[in-house]
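First the structure, in the form of structure tokens, and then the observations on it.
Just the heavy atoms: all of them, side chains too, but no hydrogens, waters or symmetry mates, feed the values below. Counting starts at 1 for both ligands and their atoms, following the listed order. Worth saying up front: this structure is predicted, and the values here are computed from it rather than measured.
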Amino acid sequence: MFILCTNDDGYLAGGLQVLARAARTLGEVRVVAPDREQSATSHSLTMHFPLRSRRVGDDTHQVDGTPTDCVALALGALLERRPDFVLSGVNHGPNMGEDVLYSGTVAAAMEATILGVPAVAISYTGREPERIAEYEPVLAHLLQQLLNPERFPAETLFSINLPPVSPSELRGVQVTRLARRVYFDSITRAHDPSGREYFWIGGGGVEWTAPEGTDYRAVQDGYVSVTPLHLDLTNHALLADVRAWELRL
Ligand code: MN
């Protein structure tokens, strides 16, 4: 098995090293990852600047672009052959609910899916990224089961969230749907030293709607959450209703 690993926290991030070690138990690994933190860059593609890649070590390239750039460059130019799977993570932070739409980690897996390579995104929901290393054996075992070319679903990626507990306290694995979350007070308005107003997005609070069967609930309850995601955003259930509006030109 030939596996590409990437992430959005940069090629030096501890979570990526853990992921690459887990992946090496399953096959041959290449790492192509951003040269710096690219969290919350979503599915951004760099088109107005050149991109440069630098080899750092035998099986690793760093790229001065986004996670999506890394996957596009790896598959289109840097790798000697097409990978069987793309793994993205382990992100230093959660990617649940609507956050999958902002996540660079999940976007890298989405890009692989668009390019026809099955992919898995992995995120750690705890606050201490140095503890991700404890998850290496759990991750290797889980990936061994997921990376099965015979049953890996088409046009689908998996998003895994690891709960904020040590692996010895894990209660199991749950296959989940996305929860819903609302941020509040997340825009700060202030003034810079010259007196000009500025805004800063981030911080504030977050409220979850997370019934049984959702990703957020699963990790709260001490389970590893595995969510199958597909890229078709069409609201299929609504098609007939909206067609009945008989929109005309
Ligand atoms: Mn990140």
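Remark: Asp64 pairs with no residue by the salt bridge (Lys or Arg N to Asp or Glu O under 4.0 Å) rule, at least two apart or across chains. Scored by the salt bridge (Lys or Arg N to Asp or Glu O under 4.0 Å) test, Arg171 finds no partners at all (sequence neighbours excluded). Every residue meeting the salt bridge (Lys or Arg N to Asp or Glu O under 4.0 Å) condition with Glu98, not counting sequence neighbours, appears here in chain and number order: Arg180.
Residues Ser123 and Asn95 bring a donor and an acceptor atom of their side chains to less than 3.5 Å of each other.
Listed for the Ser186 side chain is no donor-acceptor partner under 3.5 Å among the backbone atoms of Ile201.
For the Mn ion (ligand 1), the count of nearby protein N, O or S atoms, meaning those under 2.8 Å away, is 4.
To the nearest 0.5 Å, atom CG of residue Leu16 and atom CZ of residue Arg21 are 10.0 Å apart.
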